[in-house]
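Quick note: numbers below take in every heavy atom, side chains included, and nothing from hydrogens, waters or symmetry partners.
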Number of protein chains: 2
Amino acid sequence: MAATARHDVYQAIADPTRRQILKQLAEKDASIKEIADTYSQSRTAIVKHLQVLQEAQLVRDRKEGRAKIYSLQPAQLMEVKEWVSFFEQYWDNKLGNLKNLVEEE
Amino acid sequence: MAATARHDVYQAIADPTRRQILKQLAEKDASIKEIADTYSQSRTAIVKHLQVLQEAQLVRDRKEGRAKIYSLQPAQLMEVKEWVSFFEQYWDNKLGNLKNLVEEE
DNA sequence: TATATATGAAACCAAAAGGTGTTATAAAAG
DNA sequence: CTTTTATAACACCTTTTGGTTTCATATATA
């Protein structure tokens, strides 16, 4: 979770807490406090998760007074979508083959 | 990479080597040796990656003589596809807003 | 049978991940 | 001005990751 290392989108979504944070931000922008209050983990831990998400460009932040507000920036998820899409032909074929098999009987 | 821990599909695809292995297996089933020869890493390292992929049910293996042949089992990737799909509405909205903005000018 | 080949398994390691708690600082409120 | 609130910055800890090397075993093949 080191902030120095470069995290890509795949690493960012590997953690369930981070996936939950993304869902939360999809509904509504939120401050660090608001996000941290949602989880049993410490605020520090949440901040680190947010840093990982930001390195992966899945969120961005803005300052509002003393609060830091995070918002969702989902564009990078397209990379994941496209990567997964490549494999669709294989599971589609699987289903297709199964369908043929069933129809032959 | 411990074989004891339970890895889910998100963790499995977080590593670039594992993603590459999946692409390789999509083209053609392969033995441990065949897979390991593709990478600069040691065979042992590749075996561990394969174990992670297997825990996530993204590959399965069969024995053929002294060789262990791995093949792709992509169904679990549907979970990822669906998770990502949820966020499509947000990046679509972004594009929609951008489109409106352009049309107003 | 002797040898080469493919895998299994163990011990070990450095670094990163994921988390904690403490202390400091900036901004808003009383 | 004092107090509260929200965040920042450290230092620290444990477990997991991703990798290594070494040795053993099972299976083909000359």
Side-chain angles (χ1 to χ4, degrees), chain A residues 1-25 28-71 76 80, chain B residues 1-25 28-71:
Chain A
M1 219 152 91
T4 51
R6 282 298 165 261
H7 294 91
D8 64 22
V9 65
Y10 295 97
Q11 289 170 265
I13 68 171
D15 184 89
T17 302
R18 286 197 291 266
R19 288 199 300 278
Q20 240 183 295
I21 292 176
L22 290 177
K23 283 243 179 189
Q24 181 179 355
L25 292 180
K28 185 175 153 304
D29 291 4
S31 70
I32 292 178
K33 181 184 170 19
E34 285 168 336
I35 299 168
D37 284 351
T38 315
Y39 306 90
S40 55
Q41 303 169 13
S42 70
R43 181 182 51 80
T44 313
I46 299 299
V47 167
K48 287 187 187 178
H49 282 309
L50 286 168
Q51 284 167 353
V52 173
L53 290 171
Q54 196 159 26
E55 281 171 35
Q57 303 191 54
L58 286 169
V59 301
R60 69 163 178 278
D61 69 88
R62 63 176 186 276
K63 214 70 199 290
E64 280 190 9
R66 65 186 157 185
K68 197 170 181 178
I69 312 292
Y70 279 87
S71 55
Q76 287 298 314
V80 179
Chain B
M1 219 150 90
T4 51
R6 281 297 165 264
H7 292 92
D8 64 22
V9 65
Y10 296 97
Q11 289 171 263
I13 66 170
D15 183 89
T17 301
R18 287 196 290 267
R19 288 199 300 278
Q20 239 184 298
I21 291 175
L22 290 177
K23 282 244 178 185
Q24 180 178 358
L25 292 180
K28 184 175 154 304
D29 292 4
S31 70
I32 292 179
K33 181 184 170 19
E34 285 168 336
I35 299 168
D37 284 352
T38 316
Y39 306 91
S40 55
Q41 302 168 14
S42 70
R43 178 183 52 82
T44 313
I46 298 299
V47 167
K48 288 187 185 177
H49 281 308
L50 285 167
Q51 283 168 353
V52 173
L53 290 171
Q54 195 158 27
E55 281 171 34
Q57 302 190 56
L58 286 170
V59 301
R60 68 163 178 278
D61 68 90
R62 63 178 188 275
K63 212 72 198 289
E64 279 188 12
R66 66 186 155 183
K68 196 170 184 178
I69 311 292
Y70 279 88
S71 55

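- When the side-chain nitrogen and oxygen atoms of A:S42 are compared with OP1 and OP2 of C:dG19, none of them lie within a distance under 4.0 Å.
- Remark: B:Q41 pairs with B:T17 by the side-chain hydrogen bond (donor to acceptor under 3.5 Å, both in side chains) rule, at least two apart or across chains.
- If you take CD1 of A:I35 and P of D:dA6, they are 13 Å apart, rounded to a whole angstrom.
- Per the geometry, NZ belonging to A:K48 stands 11 Å off C1' belonging to C:dA16, to the nearest Å.
- Atom-to-atom, CD1 of B:I69 to C1' of C:dA6 comes out at 10 Å; the value is rounded to the nearest Å.
- A heavy-atom distance below 4.5 Å is not found between the side chains of A:H49 and A:Y39.
- Heavy-atom nearest nucleotides on DNA chain C were determined for A:T17 and for A:R43, and the one closer to the 5' end corresponds to A:T17.
- One can place NE2 of A:H7 at 7 Å from P of C:dG18, the figure rounded to the nearest angstrom.
- Taking 4.0 angstrom as the limit, A:K33 places none of its side-chain polar atoms (N or O) nearer than this to OP1 or OP2 of D:dT5.
- Taking every side-chain heavy atom of A:R18 into account, C:dG18 is the closest of C:dG18, C:dT20, C:dG8.
- Of all heavy-atom pairs between A:V52 and A:A12, the closest is CG1-CA, 4.1 Å.
- The salt bridge (charged side-chain N to carboxylate O under 4.0 Å, His left out) analysis of residues 34-43 of chain B, with sequence neighbours excluded, yields the pairs B:K33-B:D37.
- Between B:E64 and B:R62, the shortest heavy-atom distance links the atoms OE2-NE, 2.9 Å.
- Nucleic acid contact for A:E64: none, since no nucleic acid atom lies under 4.0 Å from a heavy atom of the residue.
- The NZ-P distance, from A:K63 to D:dT7, rounds to 8 Å in whole Å.
- If you measure from atom CG of A:L50 to atom C1' of C:dG18, you get 14 Å, rounded to the nearest angstrom.
- The side chain of A:D15 lies closest to C:dG18 when the candidates are C:dG18, D:dT20, D:dT17.
- Not a single donor-acceptor contact under 3.5 angstrom links the side-chain atoms of B:T44 to the base of C:dG8.
- Using a 4.0 Å heavy-atom cutoff across all strands shown, B:S31 reaches sugar-phosphate atoms only and no base atom.
- For C:dA17, neither phosphate oxygen OP1 nor OP2 lies less than 4.0 angstrom from any side-chain nitrogen or oxygen of A:H49.
- Side-chain N/O atoms of B:Q11 include one lying less than 4.0 angstrom from OP1 or OP2 on D:dT17.
- In this entry the distance linking OH of A:Y39 with P of C:dT20 reads 14 Å, nearest Å.
- No contact: A:E34 has no heavy atom under 4.0 Å from any strand.
- Relative to the side chain of A:A67, the nucleotides D:dC10, D:dA6, C:dA10 differ in distance, and D:dA6 lies closest.
- Put simply, CZ on A:R66 is 12 Å from P on D:dT4, counting in whole angstrom units.
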